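Have a look at the structure below before the remarks.
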Amino acid sequence: MTMASSDVKNGEKYMLSAKGADFSQVLKRYDIDLQQVATPEQMAKKMLPKDEVFKKVAEEVLYMRFKTVGPVVMEALKQRNPLDVINNGLVAGMEVVAKLYAEHVYYLPEIMMAAKTMEIGIALAEKQVPGGRETKGTVLMHAAEGDPHDIGKNIAAVMVRSSGYTVVDMGRDVPIVDLVAKAVELKPLFVSGTALMTTTMSAFPTEAKLLQEKGLSMPLMGCGGAVNREYANSYDLGIYSEKAPQTPVIADKIRAGYDWKKVREEWDSIIGGA
Ligand code: B12
C-alpha cells in the first residue's frame, strides 16, 4: 500500500491509496473456498476419502444415515479390513463432521447424530477385528468427573481394543473415588482419562495423587480437548496422548516396561507419525 505523496509531506495528514498494493498475501490468509456460501455436500467434497469404499462409509456418518450405515459398513467389510473401515471410513467421516462444525455449517444435533451413526458402524466393524482373542493387557478408561463428553474417548477405546487390549470403559462423569477404586481392583496397565472441559480436567492430578496413596504407579493418560501435553505432564503419573491412534502405540511401550517417566522422556520418538 502506498501513501499519497502530497499528504505525507507535513507528517500530520495521511491519506491511504491502494494503488500498486499487492493483495495476494492478504487474501492468502483465508480459505477462499470455505468463505463461499456452500452446502455441506459441496464443502465436504474435498475432505472426504478418495477411496470409493471408504468414501461411501464416511458419507453415511457425514449425512447421519443411522438407518443405512449398517448395510453400507457390512458391504465395505467384504472389500476392506475392519480396522481400515473404522479409521478410514467411519472416523474419517466424523472428522469431516468436526470440520463442518468448526465452520458453523453443522451444529450440535448433527454432531450427536453423526456420532451415533459412527458408533453403530464401529460396533459392527469391531466384531470382525482379528486377533481380539488373546489380550495384551487391561486398560481402564473414563471421562472425568462432571464431564459428559465421551465421543473422543469412545473412538480411542475402539483403537485400543482393536490393537489387542482389554478395555474396561467406565463411561462418562466418573466420580474420582470410583475410578480409583476400580484401578485398585483391576491394576490395569494404565488408566486413561478424557476431559473436554477446563472445569473437569483437574480430576486427573487428584486421581493420580490418590492412586499413588494406594501404592499404584501405573501411568495416568490425560486426554481430550481441554488437556494439553504440558498439563498432562504437570503431575506425577501423568502422560499425554493427543489423538486416539497414538494410544495403542504408547500402550505397547508401557507393556514393554516403560514407566510414566520414560514415556514422557521418549514421547516424541514414541509417537513419531502416529
Ligand atoms: C458434542 C459436545 C457436547 C455433547 C457431548 C455428547 C457426548 N456424548 O460426548 C453435550 C451436548 C452433552 C455437551 C454438553 C456440554 N458441553 Co459440550 N461440546 C460438544 C462439542 C460440540 C464436540 C465435542 C466432540 O465430541 N467432538 C468430537 C470428538 C471426536 O472430538 P474430541 O472429543 O475432542 O476427541 C478428540 C481428541 O480430543 C482426542 N481424545 C478425546 N478423548 C480421548 C481419549 C483418549 C484416550 C485419547 C487418546 C484421545 C482422546 O481424540 C479425539 C479424536 O481425535 C464441543 C466443541 C468442540 N469443538 O470440541 C463442546 C464443548 C466441549 N462443550 C463445552 C461445554 C461448555 C458444554 C456444556 C457445559 C454446555 C452447557 N453450558 O450446558 C455441557 C456440559 C454440561 C454438563 N456438565 O453436563 C465446551 C467446553 C469448554 C471448556 N473448555 O471448558 C466446548 C469446547 C464447546 C465450547 N466451545 O464452548 N457438549
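Scope of the values below: all heavy atoms of this structure, side chains included, with no hydrogens, waters or symmetry mates. What you see is a predicted model, and the numbers here were worked out from it, not measured in a lab.
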Note to self: Using the salt bridge (Lys or Arg N to Asp or Glu O under 4.0 Å) criterion, which residues pair with Arg264? Sequence neighbours excluded.
What the structure shows: none
Next item on the list: Could you tell me which residues satisfy side chain to side chain contact (heavy atoms under 4.5 Å, CB included) with Ala226, sequence neighbours excluded, listed by chain and number?
Entry: Met201
Check: Got a sec, which residues hit side chain to side chain contact (heavy atoms under 4.5 Å, CB included) with Arg229, two or more places apart in sequence or on another chain?
Finding: Asn233, Tyr240, Trp267, Asp268
Check: Between Lys56 and Glu59, is the closest basic N to carboxylate O distance under 4.0 Å?
Finding: no
Next item on the list: For residues 253-262, pull every pair meeting side chain to side chain donor-acceptor pair (under 3.5 Å), keeping only residues two or more places apart or in separate chains.
Entry: Tyr258-Glu266
Sequence neighbours left out, cut at 3.5 Å: what donor-acceptor pairs do the side chains of residues 187-198 make with other protein atoms?
residue : atom : partner : partner atom : Å
Lys187  : NZ   : Val184  : O            : 2.8

Note to self: Using the side chain to side chain contact (heavy atoms under 4.5 Å, CB included) criterion, which residues pair with Asp173? Sequence neighbours excluded.
What the structure shows: Glu145
Note to self: Restricting to salt bridge (Lys or Arg N to Asp or Glu O under 4.0 Å), what partner residues turn up for Lys45, sequence neighbours left out?
What the structure shows: none
Would you tabulate the side-chain donor-acceptor contacts of residues 209-224 under 3.5 Å, counting partners in other chains and residues two or more places apart, or write 'none'?
residue : atom : partner : partner atom : Å
Lys209  : NZ   : Glu213  : OE2          : 3.4

Margin query: Under the rule for side chain to side chain contact (heavy atoms under 4.5 Å, CB included), what residues qualify as partners of Lys116, not counting sequence neighbours?
Written below: Glu119
Checklist line | Contacts of type salt bridge (Lys or Arg N to Asp or Glu O under 4.0 Å), residue Asp51, not counting sequence neighbours | finding: Arg80
Item checked: Qualifying residues under salt bridge (Lys or Arg N to Asp or Glu O under 4.0 Å), relative to Glu230, sequence neighbours excluded -> none
Side chains of residues 63-75: which donor-acceptor pairs under 3.5 Å do they make with residues two or more places apart or in other chains?
residue : atom : partner : partner atom : Å
Arg65   : NH1  : Glu60   : OE2          : 2.9
Thr68   : OG1  : Glu60   : OE1          : 2.6
Glu75   : OE1  : Lys78   : NZ           : 3.2

